[in-house]
Amino acid sequence: MTIVVFRAPRGTADRLPDEQKYWRFIEARAVGVAGRFGYGRIDTPAFEDSNLFVRSVGEGTDIVEKEMYTFEDRGGDSVTLRPEGTAPVCRAYLEHGMHNLPQPVRMYYFCPVFRYERPQAGRFRQHHQFGVEALGDADPSVDAEVIEVAWELMGSLGLRDVNLLVNSIGDGDCRPAYVERLRDYYAGHQPRLCPDCRERLERNPLRLLDCKVETCRALGDEAPRSTDYLCDGCREHWDKLAGYLDVMGLPYTVDHRLVRGLDYYTRTVFEIQPPDAGGQSTICGGGRYDGLVAQLGGRPTPGIGFATGIERLTLNLKRSEAPVPDEPSPRYLVANVGENARTAALELAVKLRRAGVGAILSSGSRGLRGQMRQANALGIPYALILGDDEILKGEVVVRDMIASAQQSRPLTEFLAEAGGG
RNA sequence: GCGAGCGUAGCCGAGUGGUCAAGGCGCCUGUCUGUGGCACAGGAGAUCACGGGUUCGAACCCCGUCGCUCGCCCCA
């Protein structure tokens, strides 16, 4: 192997030209869907004041405890590479007084996020998310809308075999009581819990529900369900949301084990998973976070959103047979034979490009045969051939690589046509 | 943070102690003196991850390091 001195940092990846078509496709579709629902793009900095994430994501969460890229900058401030997209958007909402805009304020983002994790299939230290946030309206119809955006995105990408899971985890009024019921229930079965779950029993009983160990799963089937312990407000919200989802005809399943790892979620939570649910299978996750903005120091402002992982979407696009359009290649390769012709070919290529037409000059010391091979290998649809004969006559040979047909045309005539189109 | 597997040219991949290492893809050239996709022939490209050890001798055995992959945890 060639000795490589530098390599991309662990958990990061170069995105080579061959990979780009997936990204372009996903971004184009995501932007299209978001636009149809009236969401406007927002870009926030790659790093923020560390406290923004400590306050929002939650002090006890894994993200804050052991996954953040936090460092002191040269001025002595603690900054953190964005580990998720929601908190920065909420910060921007507050900072720019967006409560004065018509509510809800609908925004989407497309950005890299950073978490110091152990890399694995579908998990990276730098990954990219497309996400959507609707801030300032607590109505369940907004929940339904956001879920529909997520669902539409999957459809628009051609990802058909995905499952939409929905749940409500209540709010500050009803969740504490539910969590206690859950704790009591599991405490009664402590001997059958896996070691991790015994730990969770103390720290975060909700997490007991999505344990993957078989015996724990069995217990989870019989466990108290959050939707049975909702307060009146959450109950009404949940019922209305379900009604809206029914009206929209979204094929959702209520999954009472669905909980989320970030502290700020309230009421509605949802996920989209591909059928072959492996370890890192979730391609979209989101929920409502009515307490978050207030927690960041703003007036109480409801919000709901979701994020998708672009790397995971790409993975699923490759697995599925969903058609992904190729990146466009230049229309012309300008082949040439002889020194005079090379100069003429350069001029021709320049003229085409300045007219906005894709053209590359066949390079260097290659014979015409080699140049044609190259046109073929690059998937270029037309080869233009210039040699001494053509120069003398002021012509150019235009070869259609797909039809294997060619004709000689006056150069000026060709340029007038090609440049115009 | 815990557990497992793996590391041979750009990519895939044979080779499990004895001529400084097969084959395939890709790349370049020629057969075809100005023409691609096929075929044939040739060529370039490998300190066999790195370091140490065992041995007369190591890609192959042992130890360490690094990296990658997979699972858990967690999450998109």
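Within every chain, numbering begins at 1; the chains are lettered A, B, ... in the order of the sequence lines, protein sequences first and strands thereafter.
When the shell of 6.0 Å around CZ of Arg24(A) is examined, it contains 12 or fewer heavy atoms from other residues, nucleotides or ligands. At most 12 non-hydrogen atoms from other residues, nucleotides or ligands lie less than 6.0 angstrom from OH of Tyr116(A). Within 6.0 Å of atom CD in Gln190(A), more than 12 heavy atoms from other residues, nucleotides or ligands are found, so the atom counts as buried in its surroundings. Heavy-atom neighbours of Phe47(A) CZ from other residues, nucleotides or ligands within 6.0 Å: at or below the threshold of 12.
Here Lys318(A) pairs with Glu19(A) in a salt bridge; the nearest charged N to carboxylate O distance falls below 4.0 Å. Arg217(A) and Glu214(A) are not joined by a salt bridge, as no carboxylate oxygen comes within less than 4.0 angstrom of a charged side-chain nitrogen. A salt bridge links Lys21(A) to Asp326(A): at least one charged side-chain nitrogen sits closer than 4.0 Å to a carboxylate oxygen.
Applying the side-chain hydrogen bond (donor to acceptor under 3.5 Å, both in side chains) test to every pair with at least one member in residues 146-172 of chain A, sequence neighbours left out, gives no pairs at all.
Relative orientation of the Tyr332(A) and Tyr382(A) rings is tilted, given thresholds of 30° and 60° on the angle between their planes. The aromatic rings of Tyr178(A) and Tyr229(A) lie tilted to each other, with the angle between the two planes from 30° to 60°.
In terms of phosphate contacts, Arg260(A) brings no side-chain nitrogen or oxygen within less than 4.0 Å of OP1 or OP2 of C74(B). Here Arg200(A) reaches the OP1 or OP2 of C74(B): one of its side-chain N or O atoms lies under 4.0 Å away. Proximity of Arg366(A) to the phosphate of C28(B): a side-chain N or O atom is located under 4.0 Å from OP1 or OP2. Contact annotation: Gln371(A) does not reach the phosphate of U35(B) (side-chain N/O to OP1 or OP2, under 4.0 Å).
The base of C68(B) has none of its N or O atoms less than 3.5 Å from a complementary donor or acceptor on the side chain of Arg7(A). In the interface, the side chain of Gln374(A) is not paired with the base of G37(B) through any donor and acceptor atom under 3.5 Å apart.
Residue Glu84(A) is classed as having no contact, given no heavy-atom separation below 4.0 Å to the nucleic acid. Backbone-only contact: Ala121(A) has heavy atoms under 4.0 Å from sugar-phosphate atoms and none from a base. Counting any heavy atom pair closer than 4.0 Å across all strands shown, Gly85(A) reaches no nucleic acid atom. Within the nucleic acid shown, Phe124(A) comes within 4.0 Å of at least one base atom, counting heavy atoms only. Nucleic acid contact class of Ile385(A) (heavy atoms, under 4.0 Å, all strands): base. Counting any heavy atom pair closer than 4.0 Å across all strands shown, Glu390(A) reaches a base atom.
In this structure G1(B) sits in a base pair with C72(B), meeting the Watson-Crick or G-U test at under 3.5 Å. Applying the Watson-Crick and G-U wobble criteria (two distances, each under 3.5 Å), C40(B) pairs with G30(B). The pairing partner recorded for C56(B) is G18(B), the criterion being a Watson-Crick or G-U wobble arrangement whose two distances lie under 3.5 angstrom.
As a whole-Å value, the separation of Ile63(A) CD1 from C73(B) P is 16 Å.
Among the nucleotides G34(B), C74(B), G1(B), the one closest to the side chain of Arg118(A) is G1(B). For Pro119(A), the side-chain atoms get nearest to U69(B) when compared with the rest of C73(B), U69(B), A76(B).
In this structure, Arg260(A) forms a cation-pi arrangement with Tyr265(A), its terminal cationic atom sitting closer than 6.0 Å to the ring centre and no more than 45° off the ring axis. The cationic atom of Arg82(A) (NZ for Lys, CZ for Arg) does not lie both less than 6.0 Å from the six-membered ring centre of Phe114(A) and within 45° of the ring axis.
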Protein proximity profile, nucleotides 39-44 of chain B - base contact B, sugar-phosphate-only contact S, no contact -, cut-off 4.0 Å on heavy atoms: B-----

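Side-chain contact check for Leu348(A) versus Asn336(A): every heavy-atom pair is 4.5 Å or farther apart.
Aromatic rings from Tyr108(A) and Tyr39(A) are positioned such that their centres are separated by 6.0 Å or more.
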Sequence neighbours excluded and cut-off under 3.5 Å, please list the side-chain donor-acceptor pairs for residues 287-297 of chain A, or say none.
from: Arg288(A); atom 1: NE; to: Asp143(A); atom 2: OD1; distance (Å): 3.0
from: Arg288(A); atom 1: NE; to: Asp143(A); atom 2: OD2; distance (Å): 3.0
from: Arg288(A); atom 1: NH1; to: Asp290(A); atom 2: OD1; distance (Å): 2.7
from: Arg288(A); atom 1: NH2; to: Asp137(A); atom 2: O; distance (Å): 3.4
from: Arg288(A); atom 1: NH2; to: Asp143(A); atom 2: OD1; distance (Å): 2.5
from: Tyr289(A); atom 1: OH; to: Glu133(A); atom 2: OE1; distance (Å): 2.5
from: Asp290(A); atom 1: OD1; to: Gly303(A); atom 2: N; distance (Å): 3.2
from: Gln295(A); atom 1: NE2; to: Arg55(A); atom 2: O; distance (Å): 2.8

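Annotation: proximity of residues 396-410 of chain A to RNA chain B (heavy atom, distance under 4.0 Å) is found for Arg399(A), Met401(A), Ser404(A), Gln406(A), numbered in ascending order. Within residues 156-165 of chain A, no residue has a heavy atom under 4.0 Å from RNA chain B. Only Arg10(A), listed by number, bring a heavy atom of residues 10-32 of chain A to less than 4.0 angstrom from any atom of RNA chain B.
For Gly367(A) and Gly285(A), each mapped to the nucleotide of RNA chain B holding its nearest heavy atom, the one lying further toward the 5' end belongs to Gly367(A). Nearer the 5' end of RNA chain B, as judged by each residue's closest nucleotide, is the contact made by Leu386(A), out of Ala307(A) and Leu386(A).
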